[in-house]
Student: 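Sharing a structure, written as structure tokens. Questions coming.
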Amino acid sequence: MECVVEGIIETQHVEALEILLHGLCGAPKERLKIHEFFLRSGPNLGVVSSELRILCDLEQPKPTWTVRQVGGAMRGAGAEQLSVLVRSMIESKISKNGLRFFYILGYKLDHELLKVGFAFRFQKVVPITVTVTSVHKMLKLHATDEAVPVTPGIQLVEVTAPASADNYSEVVAAISSFSEYLAP
């Protein structure tokens with residue numbers, strides 16, 4: 001599972017947010033350039049449609065690949081009281097042939113994005129990651145050099161932390177507490 005809080009910030013305020021995050025986290029900033037492929041299952045893979053995300057970290061000297069399956073939000077009376085989205089998530093590192101493997105299995109490319117920005121990863125009560133990214137769409141298939149911002153002047157801010165069924169309440173509290181520092 002993972003706990004998530006998402007928001008947006010105007011690009012003109014990103015530098016101030018970066019300074020604030022550096023002070024709060026006490027960790028070095030990591031540059032991000034993630035090429036994200038959204039795949040949907042084909043008809044031969046079962047009755048229920050599934051979606052996968054294949055992420056390629058282009059900021060690394062040798063690009064690294066990850067497959068991620070994000071489930072729906074936690075439901076029920078207790079979930080409505082939470083200030084943080086709690087959802088199932090499975091993630092695994094894969095080889096550079098992973099995208100081709102999922103195509104062979106019958107998955108089809110739905111769309112692709114490029115996320116460019118930075119992240120802070122640090123440990124408070126739980127390991128927390130804060131990312132600030134500009135989301136770009138591809139004008140041509142796989143053309144990351146020609147990507148254009150989806151919402152110019154606005155960037156996505158995500159605060160995430162891994163959780164389990166045993167500790168998600170503790171993680172929700174940590175994310176909520178930290179996120180209050182980021183509120184305008």
Side-chain angles (χ1 to χ4, degrees), residues 1-10 13-14 17-18 20-27 29-30 32-41 45-57 64-94 98 102 107 110-135 150-151 154-184:
M1 300 171 78
E2 76 174 345
C3 296
V4 182
V5 172
E6 295 177 320
I8 57 171
I9 187 171
E10 293 178 355
H13 301 296
V14 169
L17 177 61
E18 182 181 342
L20 174 65
L21 287 170
H22 184 67
L24 289 172
C25 302
K29 173 180 81 170
E30 298 175 28
L32 292 178
K33 189 173 184 183
I34 307 291
H35 187 179
E36 197 164 343
F37 302 86
F38 289 79
L39 306 176
R40 290 206 184 274
S41 61
L45 290 176
V47 187
V48 179
S49 176
S50 66
E51 183 180 285
L52 292 176
R53 299 178 189 182
I54 307 290
L55 298 92
C56 180
D57 187 348
T64 59
W65 293 80
T66 305
V67 61
R68 175 182 259 205
Q69 195 271 330
V70 178
M74 189 168 83
R75 297 182 205 186
E80 295 172 6
Q81 305 301 318
L82 299 176
S83 59
V84 172
L85 175 69
V86 179
R87 63 187 181 194
S88 61
M89 190 268 303
I90 301 170
E91 184 174 271
S92 180
K93 295 292 184 187
I94 58 174
F102 284 106
Y107 281 85
D110 187 64
H111 64 282
E112 57 185 324
L113 299 172
L114 181 67
K115 291 183 177 179
V116 180
F118 60 88
F120 285 92
R121 299 178 202 281
F122 59 98
Q123 178 82 30
K124 290 287 184 195
V125 176
V126 296
I128 296 175
T129 301
V130 180
T131 60
V132 180
T133 54
S134 175
V135 180
V150 173
T151 54
I154 296 177
Q155 296 198 20
L156 176 65
V157 179
E158 294 176 295
V159 181
T160 61
S164 69
D166 297 333
N167 77 342
Y168 79 87
S169 296
E170 178 183 326
V171 176
V172 165
I175 292 282
S176 294
S177 174
F178 180 79
S179 296
E180 287 179 18
Y181 292 111
L182 306 181

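These numbers come from the heavy atoms of this one structure, side chains and all, not from hydrogens, waters or symmetry mates.
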Student: Is the shortest heavy-atom distance from the side chain of Val5 to the side chain of Phe178 under 4.5 Å?
Tutor: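 The answer is no, as the side chains (C-beta and beyond) never meet within the 4.5 Å cut-off.
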Student: Can you tell which of Leu17, Thr133, Thr131 makes a side chain to side chain contact (heavy atoms under 4.5 Å, CB included) with Val157?
Tutor: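 Answer after filtering Leu17, Thr133, Thr131: Leu17.
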Student: Rounded to the nearest 0.5 Å, how far does SG of Cys56 lie from NZ of Lys33?
Tutor: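 Going from NZ on Lys33 over to SG on Cys56, the span is 10.5 Å.
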Student: If I take atom CD from residue Gln69 and atom CE from residue Met89, how far apart are they, to the nearest 0.5 angstrom?
Tutor: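 Between Gln69 CD and Met89 CE, I get 10.0 Å after rounding to 0.5 Å.
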Student: With side chain to side chain contact (heavy atoms under 4.5 Å, CB included) as the test, would you mind laying out the steps for Val132 and Glu18 before giving the verdict?
Tutor: CA-CA 9 Å; Val132 180; Glu18 182 181 342; over 6 Å; no
Student: Answer yes or no: is there a side-chain heavy-atom contact under 4.5 Å between Thr151 and Leu156?
Tutor: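 Contact flag for Thr151/Leu156 side chains = no.
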Student: Look at the rings of His111 and Phe38 and say which category their plane angle falls in: under 30° parallel, 30 to 60° tilted, over 60° perpendicular.
Tutor: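 Plane angle under 30°, so parallel.
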Student: Tell me the closest heavy-atom pair linking Val84 and Val172, and the distance in Å.
Tutor: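 Closest approach of Val84 to Val172: CG2-O, 3.8 Å.
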Student: Is the number of heavy atoms from other residues, nucleotides or ligands within 6.0 Å of CZ (Phe120) greater than 12?
Tutor: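 Yes, CZ of Phe120 has more than 12 neighbouring heavy atoms, counting only those of other groups under 6.0 Å.
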Student: Identify the heavy atoms of Val14 and Ile9 that sit nearest to each other, and give their distance.
Tutor: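 That would be CG2-CG2, 3.9 Å.
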Student: To the nearest 0.5 Å, how far apart are CH2 in Trp65 and NE2 in His35?
Tutor: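 Those atoms lie 7.5 Å apart.
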Student: Where is the tightest heavy-atom contact between Ala161 and Val126, given as atom of each residue plus distance?
Tutor: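 In this case the closest contact between Ala161 and Val126 is CB-CG2, 4.1 Å.
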Student: Determine the minimum heavy-atom distance between Ala163 and Cys3, stating which atoms define it.
Tutor: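 Shortest heavy-atom contact: CB-SG, 3.9 Å.
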Student: NZ of Lys93 to CG of Asp57: how many Å apart, nearest 0.5 Å?
Tutor: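 These two atoms lie 7.0 Å from each other.
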Student: Measuring from Leu32:CG to Ser134:OG, what's the distance to the nearest 0.5 Å?
Tutor: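 If I round to the nearest 0.5 Å, the distance is 12.0 Å.
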Student: Provide the full list of salt bridge (charged side-chain N to carboxylate O under 4.0 Å, His left out) pairs with a residue in residues 110-133, sequence neighbours left out, each pair given once.
Tutor: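 Output for this query lists Glu30-Arg121, Glu36-Lys115, Arg40-Asp110.
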Student: Apply the side chain to side chain contact (heavy atoms under 4.5 Å, CB included) test between Arg68 and each candidate in Leu52, Leu55, Ile54; give the one that qualifies.
Tutor: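 Result: among Leu52, Leu55, Ile54, Leu55 is the only option passing the side chain to side chain contact (heavy atoms under 4.5 Å, CB included) with Arg68.
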Student: Using ring pair (Phe, Tyr, Trp, His ring centres under 6.0 Å), reason through Phe37 and Tyr107 one step at a time and then give a plain yes or no.
Tutor: CA-CA 11 Å; Phe37 302 86; Tyr107 281 85; over 10 Å; no
Student: Do you know the tightest heavy-atom contact between Pro162 and Val171?
Tutor: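 Looking at all heavy atoms of both residues, the shortest contact is O-CG2, 3.6 Å.
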Student: If every non-hydrogen atom of Ile128 is compared with every non-hydrogen atom of Ala174, which pair is closest and at what distance?
Tutor: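 Heavy atoms only, the tightest pair is CD1-O, 4.3 Å.
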Student: Would you give the length of the straight line joining atom CZ of Arg53 to atom CD of Glu91, rounded to the nearest 0.5 angstrom?
Tutor: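 Spacing of CZ (Arg53) from CD (Glu91) equals 10.5 Å.
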